[in-house]
There are 2 protein chains.
Amino acid sequence: MSKTFLFMDTVVNKVDSKGRVSLPSDYRSIVKELSTEIVCYRSLTSPCIEGCPEELLEKLASDMESSLDFFSQEQDDLTNLIFGDAKRFAFDSTGRIVLTEKLLKHAEITDTAVFVGKGRKFQIWNPENWAKEEARIRAEVLKKRPSLKLPAGAQA
Amino acid sequence: MSKTFLFMDTVVNKVDSKGRVSLPSDYRSIVKELSTEIVCYRSLTSPCIEGCPEELLEKLASDMESSLDFFSQEQDDLTNLIFGDAKRFAFDSTGRIVLTEKLLKHAEITDTAVFVGKGRKFQIWNPENWAKEEARIRAEVLKKRPSLKLPAGAQA
DNA sequence: CTAATGTTTATGGTATATCATGGGAATTTA
DNA sequence: TAAATTCCCATGATATACCATAAACATTAG
């Protein structure tokens, strides 16, 4: 199979007036092993953009084919939404992509974008929204796992 | 899969003004069997940095990859938290990595770092914090000793 | 048992390559 | 033809690779 690739880390980049934004170099070197483009779509659950190599969506599609209809109806609807929304974005020689108005609006991004690694995929956030979301997630995770408490004052 | 590797021992190294620090040679020789880089992230439970080979996170990603979990909220949160924080660190020919400000701050490390082996992964501590933590752990273990039974067949 | 020697490891400094980003030219679309 | 989009080059900032020195360690000879 292909090399291991994981999108990691959180990177802040600028978005210029044309909607151009640099894909973090780490992300690029991952994608380049496969192609020179990524797929982006509006997150179904959050005010952010999701991105991934096309391979991931292919896998999603083939998994849908082989799963039982009985259980997959709801997911079938969701995949329709994703595939209906997804679009390929090629990055140029300097490593930038041009995000569409639709995506930027959904994520409420104007001049700054935060790239957040998610393993096989990544997300693009408005800085303030991401700050809130990260805080929410940390609180949520700590609540669900009382044993995971940080020592007082040790929070990031 | 891969050979089994164990990070062991406790090693103290200096951190220079740029955040550069030598990965202990024992650790390096372990990692080198696979690649020339490791992954580091802020510990969820302690004021320290955790490190491991990328393979460890690979497995986590593989689990998330299955389409059945593609839309799960909890996994969504977890991947954001873990992969959003983790970062790959390549060490150069002299065996050093450059830790980021975010990681150093979380672990309260300024000019000295303590590497603590933890088996499949390792931790990086501020010296004073590690001294306290080690004392705490020892006290804890002694207190709980009567109930420290291994599952049958799970002995080292 | 001690001293000398060679080898690996840690650390400091500097040069180089890479990356993010802005501006503008060329090309396409309406 | 006007507007928008894509492509290409320039630049400053940053991070990485490289070289040199110093310290720790192990080995071997005396």
Side-chain angles (χ1 to χ4, degrees), chain A residues 7-33 35-40 49 51 87-105 109-117 122 124-127 130, chain B residues 7-33 35-40 49 51 54 86-105 109-117 122 124-127 130:
Chain A
F7 295 104
M8 294 190 234
D9 203 5
T10 298
V11 176
V12 179
N13 280 344
K14 286 204 169 181
V15 181
D16 69 17
S17 55
K18 301 171 187 171
R20 290 188 301 185
V21 61
S22 287
L23 202 64
S25 67
D26 277 5
Y27 291 19
R28 262 176 358 227
S29 57
I30 287 173
V31 177
K32 267 184 183 166
E33 307 261 336
S35 78
T36 59
E37 55 186 27
I38 54 166
V39 173
C40 290
I49 303 164
K87 178 171 157 54
R88 294 189 190 89
F89 291 86
F91 46 89
D92 60 26
S93 56
T94 65
R96 280 185 289 197
I97 58 175
V98 183
L99 295 171
T100 62
E101 198 53 46
K102 182 174 77 173
L103 291 175
L104 291 171
K105 194 177 170 190
I109 293 171
T110 56
D111 59 355
T112 309
V114 182
F115 290 80
V116 182
F122 59 88
I124 313 177
W125 286 79
N126 159 303
W130 168 243
Chain B
F7 294 105
M8 294 189 232
D9 203 4
T10 299
V11 175
V12 179
N13 279 344
K14 284 204 170 181
V15 181
D16 71 15
S17 56
K18 299 169 191 166
R20 287 191 302 188
V21 59
S22 286
L23 202 65
S25 67
D26 277 5
Y27 291 18
R28 262 178 356 228
S29 56
I30 287 175
V31 177
K32 265 185 183 165
E33 306 262 339
S35 77
T36 59
E37 55 187 27
I38 54 166
V39 173
C40 291
I49 302 165
E54 193 168 341
K87 180 169 159 57
R88 286 146 81 183
F89 292 87
F91 46 88
D92 59 27
S93 55
T94 66
R96 280 184 291 194
I97 58 175
V98 185
L99 294 171
T100 63
E101 197 53 46
K102 183 175 78 173
L103 291 175
L104 292 171
K105 193 177 168 191
I109 293 171
T110 55
D111 59 356
T112 309
V114 182
F115 290 80
V116 183
F122 59 88
I124 313 177
W125 286 79
N126 159 303
W130 170 243

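When reading the values below, keep in mind they use all heavy atoms of this one structure, side chains included, and skip hydrogens, waters and symmetry mates. Quick note on labels: first sequence line is chain A, next is B, and so on, each numbered from 1.
For the pair A:Phe122 and A:Ile30, the minimum side-chain heavy-atom distance is 4.5 Å or more.
Judged as a side-chain hydrogen bond (donor to acceptor under 3.5 Å, both in side chains), and not counting sequence neighbours, the contacts of B:Trp125 are B:Gln123. For A:Arg28, there are no salt bridge (Lys or Arg N to Asp or Glu O under 4.0 Å) partners at least two apart in sequence or on another chain. Considering only residues two or more places apart in sequence or on other chains, B:Lys102 meets the salt bridge (Lys or Arg N to Asp or Glu O under 4.0 Å) condition with B:Asp85. Residues passing the side-chain hydrogen bond (donor to acceptor under 3.5 Å, both in side chains) test with A:Glu37: none are found, sequence neighbours excluded. Contacts of B:Asp92 classified as side chain to side chain contact (heavy atoms under 4.5 Å, CB included), with partners at least two apart in sequence or in another chain: B:Thr94, B:Arg96. Taking the side chain to side chain contact (heavy atoms under 4.5 Å, CB included) definition, one finds that B:Ser29 meets it with nothing, sequence neighbours left out. Considering only residues two or more places apart in sequence or on other chains, B:Thr10 meets the side chain to side chain contact (heavy atoms under 4.5 Å, CB included) condition with B:Val114, B:Val116, B:Trp130.
Closest approach of B:Ile49 to B:Leu104, counting heavy atoms only: CD1-N, 4.4 Å.
Remark on the helix from C:dC1-D:dG30 to C:dA30-D:dT1: inter-end axis angle 40°, axes from five-pair C1' superpositions, rounded to 10°.
One atom, CD1 of A:Ile30, and another, P of C:dC19, lie 13 Å apart when rounded to the nearest Å.
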For residues 20-27 of chain B, dump all side-chain donor-acceptor pairs below 3.5 Å to protein atoms at least two apart in sequence or in another chain.
unit_1  : atom_1 : unit_2   : atom_2 : d
B:Arg20 : NE     : B:Asp16  : OD2    : 2.8
B:Arg20 : NH2    : B:Asp16  : OD2    : 3.2
B:Tyr27 : OH     : B:Met8   : O      : 3.4
B:Tyr27 : OH     : B:Asp9   : O      : 3.4
B:Tyr27 : OH     : B:Gly117 : N      : 3.0

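Note that the first and last nucleotides of DNA chain D, 5' to 3', having any atom under 4.0 angstrom from a heavy atom of chain A are D:dT6 to D:dC9.
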Below 3.5 Å between N/O atoms, which protein atoms pair up with nucleotides 5-15 of chain C? Just atom names and distances, please.
unit_1 : atom_1 : unit_2  : atom_2 : d
C:dA10 : OP2    : B:Arg28 : NH1    : 3.3
C:dT11 : OP1    : B:Lys14 : N      : 3.4
C:dT11 : OP2    : B:Lys14 : N      : 3.2
C:dG12 : N7     : B:Arg96 : NH1    : 3.0
C:dG12 : N7     : B:Arg96 : NH2    : 3.3
C:dG12 : O6     : B:Arg96 : NH2    : 2.7
C:dG13 : N7     : B:Arg20 : NH2    : 2.9
C:dG13 : O6     : B:Arg20 : NH1    : 2.5
C:dT14 : O4     : B:Lys18 : NZ     : 3.2

